[in-house]
Amino acid sequence: MTRATRVRALFALAILALSTFLALTQPARLGLDLRGGTQLVLETRDSPTAEADREATDRTLEVLRRRVDALGVSEPNLSRAGDHRIVVELPGLDDPDEAAEVLGRTAQLTVHPVLGTTAPGTDTGRTAPADGSTVLPDDAGTPLRLGPAALTGAEVRRAAAEFDGQDGSGWSVGLTLHGAGERAWARLTGKAACAAPDDPARRAAIVLDRKVISSPRVEASVACGVGITGGTTRITGGFDQHAAQELALLINGGALPVPVDIVEQRAVGPTLGALAITSSAQAAVIGVALTAVFITVVYRLLGALATLALACYALISYAALLALGATLTLPGLAGFVLAIGMAVDANVLVFERAREEYAAGPHARPRTLRSALAAGFRNAFSAIADSNVTTLLAAVLLFFFASGPVRGFGVTLCIGVAASMVSALLVTRVLAECAVALRPVGRRPRLTGLAGLGRVRSWLSRRRPDLMRHRRRWLALSGAALLLAGSGIAVRGLDYGVEFTGGRMVEYTTTRPVDAERARAALGTAGLDRAQVSTSGDRTLTVRTERLSAAQLTAAGRVVDELGGGAQKVRDELIGPSLGEELRRGALVALGLALLAQLGYLAVRFRWTFALSAVVAMAHDVVVLVGAFAWLGKPLDGVFLAALLTVIGYSVNDSVVVFDRVRELRGAGRGTPFPDLANTAVLQTVPRTVNTGMGAVFILAALAALGGDTLTDFALALLIGIVVGTYSSVFTATPLAVVLERNGGASPRRSDRRPARRGGRPDRWDTGARV
């Protein structure tokens with residue numbers, strides 16, 4: 001073992017040891033879509049008396065934290081997002097309307113003296129400038145003229161729901177006052193006790209959010225001018241247990257400094273979250289196992305070691321997730337799927353280059369397994385680095401400029417890319433170098449998988465098809481695919497999910513299958529005539545509408561329950577129209593910036609013709625995938641967006657690998673026509689493209705088959721994207737680069753019209769350069 005290998009081995013062991021420690025000692029933070037619960041996004045706004053600045057949002061966050069603590073939710077998570085938004089996650093709570101009612105109320109509690117009553121029909125809610133009085137109706141509808149507030153909820157030390165069955169009052173809320181509140185209550189009731197028994201001024205009005213919830217009369221036993229001492233009183237008003245407990249919770253939590261609006265509301269049933277975790281784990285295990293078998297069959301001993309390195313990748317990325325305190329959500333899994341593909345891709349690139357170096361031995365300088373492997377890592381590094389840098393550029397921009405599921409995708413993608421680099425370039429290299437240094441392995445080079453070009457490469461070396469000869473034909477075929485996809489978008493339209501349009505979406509699982517048309521008709525009869533109804537699987541029904549009140553939600557649940565012979569609500573999402581517009585705009589801005597950043601990077605690293613060709617191929621893949629979903633009638637939601645971003649990553653990687661080989665061949669084969677160079681580069685990188693694509697297909701096929709309804713569309717989008725991305729890197733990006741080079745990228749030379757030289761050794765590929 002060389003000194004460099006020992007240093008790399010120690011570094012790899014240190015990373016794995018730290019990752020193992022973190023995995024064993026730190027708990028994972030799963031998103032609510034994986035463990036079930038409710039998420040609310042609240043936005044603060046200005047009030048007549050306070051500005052919704054950053055400080056007010058922080059004070060609002062503390063009030064909400066006290067309210068959540070009083071709800072008794074296990075492991076809640078509250079955080080500020082920007083200057084005006086607060087994200088509240090409540091695991092295990094599957095009733096978002098209840099949480100919204102408690103958290104969204106201002107809960108401004110005030111106690112007022114009653115100055116008298118006014119005639120029915122008087123305009124209520126306005127403050128008279130003369131005496132500062134306010135007219136509000138009591139619980140019986142009688143307009144009361146109230147004086148300025150004598151005390152507020154800030155003077156309440158404690159509120160508790162109480163039940164008294166002896167005096168017939170039932171449930172009430174007992175208040176314990178302190179300090180100035182105790183004295184203010186004594187003054188208020190002492191003044192009221194001086195009024196006549198039937199005078200409205202003998203009452204005190206308790207107001208919550210400008211609504212009189214109770215206006216008790218001061219009893220005759222209370223002395224005039226003395227009032228009720230001791231700092232205790234009760235709020236009565238015909239409460240049931242739930243209403244009394246909720247009011248006590250709001251008073252204890254305190255009033256919000258500024259009003260809040262609920263702009264997003266999500267609820268996932270615990271069964272659906274558990275199903276997502278189980279199905280995702282099963283699909284991941286089976287998919288990775290199939291990928292491991294495939295890589296081992298193709299690359300033998302080194303393939304088996306690469307599989308072990310992939311297991312280390314999973315450990316490292318999981319530990320990094322724990323160390324950063326990031327939350328793993330369902331869209332975030334897409335980032336890890338892409339990173340797994342990149343880790344497999346890096347290993348395949350290294351092994352294919354090592355095969356080429358080992359095969360070149362008799363015709364160049366003698367090659368050993370060790371030197372061939374070292375040359376493979378060295379020559380593949382530029383392609384691996386460029387692929388990962390372009391992906392990281394997109395991930396970082398998505399994190400800073402997007403929000404919601406797009407931002408989560410960016411976080412996990414950054415973690416996954418870094419872990420895949422460590423796995424492929426450090427762990428795999430240490431294992432492979434130790435293996436080829438063994439004497440039994442050195443005597444049996446075919447055992448390593450490096451001795452031989454492989455079936456695909458051997459067939460191509462014999463046939464040497466001239467793919468770039470028909471470059472205009474391939475571009476015309478790509479144009480036809482764009483036309484077909486565009487017609488799907490124009491004819492069928494795009495079915496945006498609630499994340500991007502706003503509205504409410506409720507998903508049910510039923511005991512028996514329900515016909516969508518029948519459910520739509522029944523919901524229309526119940527007053528939901530504008531509801532969109534869709535089914536997926538045998539017993540999953542989704543209702544989506546612009547607005548859905550609590551009463552309509554109850555009616556919808558009753559209808560679905562009757563049609564399905566029993567139904568369970570497993571998902572409930574409410575997105576405000578402003579937030580939907582913001583998410584859509586943020587995703588488009590982040591995506592546009594990511595494309596521009598990748599274009600700039602590729603232009604610097606390669607040529608502008610290569611960069612433009614890669615970005616055009618990427619846009620081709622995006623349009624084709626969106627068009628396919630339009631023809632299939634699939635929704636474009638946050639999960640689809642994560643899949644689309646993953647496809648973009650795959651597309652860029654494929655194009656970068658081809659253009660990296662073109663750049664290398666161009667440097668070694670001066671004077672060779674560019675179409676011949678491009679054709680040679682495509683033929684040389686096809687084995688890598690096929691093997692990498694097959695590894696990803698195994699994982700995605702397992703997700704599509706076993707991942708459940710939640711992951712089916714995600715896996716389908718990735719499967720379509722990988723097929724289209726593999727095609728576009730060979731038959732769109734490369735032919736377009738050839739056309740651009742001939743028309744503007746370089747001056748045409750007489751040699752451009754010469755046919756490629758035939759014959760020669762398998763390792764020469766018509767360029768005079770060793771591959």
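A quick note: this is a predicted structure, and the numbers were derived from the prediction, not measured. What's counted below: heavy atoms across the whole structure, side chains too, no hydrogens, waters or symmetry copies. By convention here, the first residue in the shown sequence is residue 1.
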Are L563 and R518 close enough that some pair of their side-chain heavy atoms sits under 4.5 Å apart? yes

Looking at Y496, I want to see if its OH is surrounded by more than 12 non-hydrogen atoms of other residues, nucleotides or ligands under 6.0 Å. no

Which value, rounded to the nearest 0.5 Å, describes the distance between T307 atom OG1 and Y313 atom OH? 14.5 Å

Closest non-hydrogen atoms of A617 and S655, given as atom of the first, atom of the second and distance, are CB-OG, 4.4 Å

Any non-hydrogen side-chain atom of T734 less than 4.5 Å from a side-chain atom of S729? no

Side chain of N679, backbone of L467: donor and acceptor closer than 3.5 Å? yes

Please report the interatomic distance CG(L602) to CG(D386), rounded to the nearest 0.5 Å. 7.5 Å

Over all heavy atoms of both residues, which pair between I415 and A320 is shortest? Give the atoms and the distance, please. CG2-CB, 3.5 Å

S613 side chain to A737 main-chain N or O, any donor-acceptor pair under 3.5 Å? yes

Side-chain contact test, heavy atoms from C-beta onward, threshold under 4.5 Å: evaluate it for K634 versus F640 and give yes or no. no

Scanning both residues in full, the closest heavy-atom pair of A630 with R492 reads O-CB, 3.4 Å

Note, L632 side chain near L716 side chain (heavy atom, < 4.5 Å): yes

State whether D660 and R605 are salt-bridged, where the test is any N-O pair (Lys NZ or Arg NE/NH1/NH2 against Asp/Glu carboxylate O) under 4.0 Å. no

Apply side chain to side chain contact (heavy atoms under 4.5 Å, CB included) to residues R85 and L42 and explain how you reach the verdict. CA-CA 6 Å; R85 285 199 180 139; L42 301 97; over 6 Å; no

Quick one: does any side-chain atom of T689 pair with a main-chain N or O of T685 as donor and acceptor, under 3.5 Å? yes

Rounded to the nearest 0.5 Å, how far does CG of L290 lie from CE of M694? 10.0 Å

I need the L736 CG to S728 OG distance, nearest 0.5 Å. 11.0 Å

L599 and L612: which non-hydrogen atoms are nearest, and at how many Å? CD1-N, 3.8 Å

Are the side chain of S317 and the backbone N or O of G416 linked by a donor-acceptor pair below 3.5 Å? no

Close side-chain approach of V514 to T535, heavy-atom, < 4.5 Å: no

Please evaluate residues N691 and E352 with respect to the criterion side chain to side chain contact (heavy atoms under 4.5 Å, CB included), reporting the C-alpha separation (whole Å), side-chain torsions for both, the decisive distance (0.1 Å), and the verdict. CA-CA 10 Å; N691 292 339; E352 287 296 329; 3.5 Å; yes

Side-chain heavy atoms of E573 within contact of R504, under 4.5 Å: no

Counting C-beta onward and ignoring hydrogens, is there a side-chain heavy-atom pair between R544 and D495 closer than 4.5 Å? yes

Would H620 and V724 count as a side chain to side chain contact (heavy atoms under 4.5 Å, CB included) if you check the C-alpha gap in whole Å, the side-chain angles of each, and the deciding distance to 0.1 Å? CA-CA 9 Å; H620 165 275; V724 175; 3.8 Å; yes

Quick check: does any side chain N or O of S420 sit under 3.5 Å from a backbone N or O of V417, one acting as donor and the other as acceptor? yes

T609 side chain to L740 main-chain N or O, any donor-acceptor pair under 3.5 Å? no

For V738 and A678, the nearest pair of non-hydrogen atoms, with its separation, is CG2-CB, 3.7 Å

Give the table of side-chain donor-acceptor pairs shorter than 3.5 Å for residues 479-486, with sequence neighbours excluded, one pair per line with atom names and distance.
none

Pairs satisfying ring-ring contact (aromatic ring centres under 6.0 Å, His included), at least one member in residues 717-739, at least two apart: W474-F731, Y727-F731

Could you give me the CA-CA distance, side-chain angles and deciding distance for R520 and L528, then say whether side chain to side chain contact (heavy atoms under 4.5 Å, CB included) is met? CA-CA 8 Å; R520 188 177 296 110; L528 298 173; over 6 Å; no

To check you understand the geometry: which heavy-atom pair defines the closest contact between I489 and G627, and what is its length? CG1-CA, 3.9 Å

Is the side chain of D515 donor-acceptor paired with the backbone N or O of E517 at a distance under 3.5 Å, no angle test? yes

Indicate yes or no for a side-chain donor-acceptor contact from R471 to the backbone of M468 under 3.5 Å, with no hydrogens or angles considered. yes

Heavy-atom distance under 4.5 Å between the side chains of I384 and L349, does that happen here? yes

Approximate separation, where rounding is to 0.5 Å, of I720 CD1 and L644 CG: 11.5 Å

Reported CG-to-CD distance for the pair D572 and Q265, which is rounded to 0.5 angstrom: 6.0 Å

Y508: ring-ring contact (aromatic ring centres under 6.0 Å, His included) partners, not counting sequence neighbours: none

